[in-house]
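Note that this is a predicted model, so its numbers are computed, not measured.
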Amino acid sequence: MKENSINNIGLEYIHLLNWYRNLKANTNYHNVRFKKLNVGYPKFTFPQNLLDEVELKDFILSEQNRISLFIGSQMGLYPKIEEVFNEVTENKTIAVLSKSLLSGAVSGLKIYTFTNGQMIEVVDFKN
């Protein structure tokens with residue numbers, strides 16, 4: 001499968017991935033990959049060629065081209081960011097895929113810097 005491909009997503013889900021096209025067009029983030037914990041996520045649609053499932057020790061590790069992925073919803077963040085980074089003192093780059101747990105609608109993907117318990121938005125890839 002090509003790196004830019006979203007062909008592994010069924011046509012009924014393509015409307016959930018407009019943020020993906022915006023990400024791939026961005027010169028700073030077009031080569032980034034994402035990592036998710038092996039537990040603690042609601043159901044979501046994501047291009048599998050960009051996603052690695054990892055253990056906690058790898059999830060909290062800062063990496064040049066791989067960003068920790070969280071799911072943001074009306075119920076909060078999954079997994080719980082304060083639990084994941086509770087003993088981490090350095091700045092972290094994180095990604096949040098914003099979606100409704102009720103309707104399944106995705107509003108986009110945002111990249112943040114997480115520092116001192118605060119999330120500072122870096123870029124917003126709107127859906």
Side-chain angles (χ1 to χ4, degrees):
M1 179 180 350
K2 294 180 184 174
E3 182 63 26
N4 291 347
S5 173
I6 57 174
N7 293 334
N8 61 328
I9 302 295
L11 290 177
E12 68 273 18
Y13 299 112
I14 292 297
H15 67 283
L16 302 176
L17 296 172
N18 289 326
W19 63 264
Y20 175 83
R21 291 176 188 85
N22 298 326
L23 174 83
K24 287 301 180 182
N26 184 290
T27 56
N28 293 323
Y29 293 97
H30 68 278
N31 285 329
V32 75
R33 292 183 53 78
F34 299 90
K35 52 189 172 179
K36 74 178 220 55
L37 280 174
N38 55 356
V39 295
Y41 288 84
K43 183 178 177 183
F44 66 100
T45 301
F46 205 85
Q48 292 302 306
N49 60 318
L50 296 181
L51 191 60
D52 300 319
E53 192 170 285
V54 298
E55 300 287 332
L56 180 61
K57 67 180 179 57
D58 293 322
F59 190 75
I60 63 174
L61 186 67
S62 292
E63 297 180 73
Q64 183 74 17
N65 286 318
R66 199 162 70 152
I67 299 174
S68 300
L69 178 67
F70 292 81
I71 304 299
S73 75
Q74 65 272 36
M75 306 301 280
L77 288 179
Y78 298 93
K80 303 265 185 238
I81 197 165
E82 61 276 359
E83 292 174 8
V84 172
F85 292 134
N86 67 346
E87 295 184 22
V88 176
T89 57
E90 69 207 44
N91 293 351
K92 293 292 183 183
T93 300
I94 65 166
V96 176
L97 182 70
S98 299
K99 72 168 287 191
S100 169
L101 296 179
L102 300 173
S103 70
V106 173
S107 61
L109 179 101
K110 292 183 181 181
I111 307 292
Y112 293 92
T113 297
F114 182 75
T115 181
N116 297 323
Q118 301 292 316
M119 291 172 51
I120 302 163
E121 186 177 317
V122 176
V123 65
D124 183 1
F125 299 106
K126 294 187 184 299
N127 205 24

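With hydrogens and angles disregarded, a donor-acceptor distance shorter than 3.5 Å links the side chain of Lys24 to the backbone of His30. Judged by distance alone, the side chain of Lys99 and the main-chain N or O of Lys43 form a donor-acceptor pair under 3.5 Å. Panel note: side chain Glu55, backbone Asn38; no donor-acceptor pair is recorded below 3.5 Å.
Annotation: cation-pi pair Lys57/Phe59 absent, no NZ/CZ under 6.0 Å from the ring centroid and within 45° of its normal. For Lys110 and Phe125, the positive end is not near the middle of the six-membered ring at less than 6.0 Å and at most 45° from its axis.
The neighbour count for Gln64 CD, taken as heavy atoms of other residues, nucleotides or ligands under 6.0 Å away, does not exceed 12. The 12-atom threshold is exceeded at NZ of Lys80, counting heavy atoms of other residues, nucleotides or ligands nearer than 6.0 Å. Within 6.0 Å of CD in Gln118 there are 12 or fewer heavy atoms belonging to other residues, nucleotides or ligands.
Two rings, from Tyr78 and Phe70, have their centers 6.0 Å or more apart.
For the atom pair CG of Leu56 and CD1 of Ile60, the computed distance is 5.0 Å after rounding to the nearest 0.5 Å. With rounding to the nearest 0.5 Å, the separation of CG in Leu37 from CD in Glu83 is 11.0 Å. Here CD1 of Ile120 is found 10.5 Å from CD1 of Ile94. Values are rounded to the nearest 0.5 Å. Separating the OG atom in Ser107 from the CG atom in Leu97 is a distance of 8.0 Å, to the nearest 0.5 Å. To the nearest 0.5 Å, atom CG of residue Leu23 and atom CG of residue Leu50 are 7.0 Å apart.
One finds a salt bridge joining Lys35 and Glu63 here, because a Lys/Arg side-chain nitrogen approaches an Asp/Glu carboxylate oxygen to under 4.0 Å.
Put simply, the side chain of Asn91 does not reach to within 4.5 Å of the side chain of Phe114, judged on heavy atoms. Ile71 places none of its side-chain heavy atoms less than 4.5 Å from the side chain of Leu77. A 4.5 Å side-chain heavy-atom check between Leu109 and Leu69 finds at least one atom pair inside the cut-off. Using a 4.5 Å heavy-atom threshold, the side chains of Val96 and Met119 count as touching. Here the side chains of Phe34 and Arg66 are not in contact, with every heavy-atom distance at 4.5 Å or above.
Leu61 and Ile67 fall into different hydrophobic clusters, where Ile, Leu, Val, Met, Phe, Trp and Tyr residues are linked whenever their side-chain heavy atoms come under 4.5 Å apart, directly or through other members. Linking ILVMFWY side-chain heavy atoms closer than 4.5 Å, directly or via other members, places Val123 and Val32 in a single hydrophobic cluster.
Using the six-membered ring where Trp is involved, Phe46 and Phe44 have ring planes that are perpendicular, over 60° apart on the 30 and 60° scheme.
Lys92 and Ser68 share no side-chain donor-acceptor pair at under 3.5 Å.
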- Message: Please determine whether salt bridge (charged side-chain N to carboxylate O under 4.0 Å, His left out) holds for the pair Asp52 and Arg33, giving the CA-CA distance in whole Å, both sets of side-chain angles, and the decisive distance to 0.1 Å.
- Response: CA-CA 8 Å; Asp52 300 319; Arg33 292 183 53 78; 2.4 Å; yes
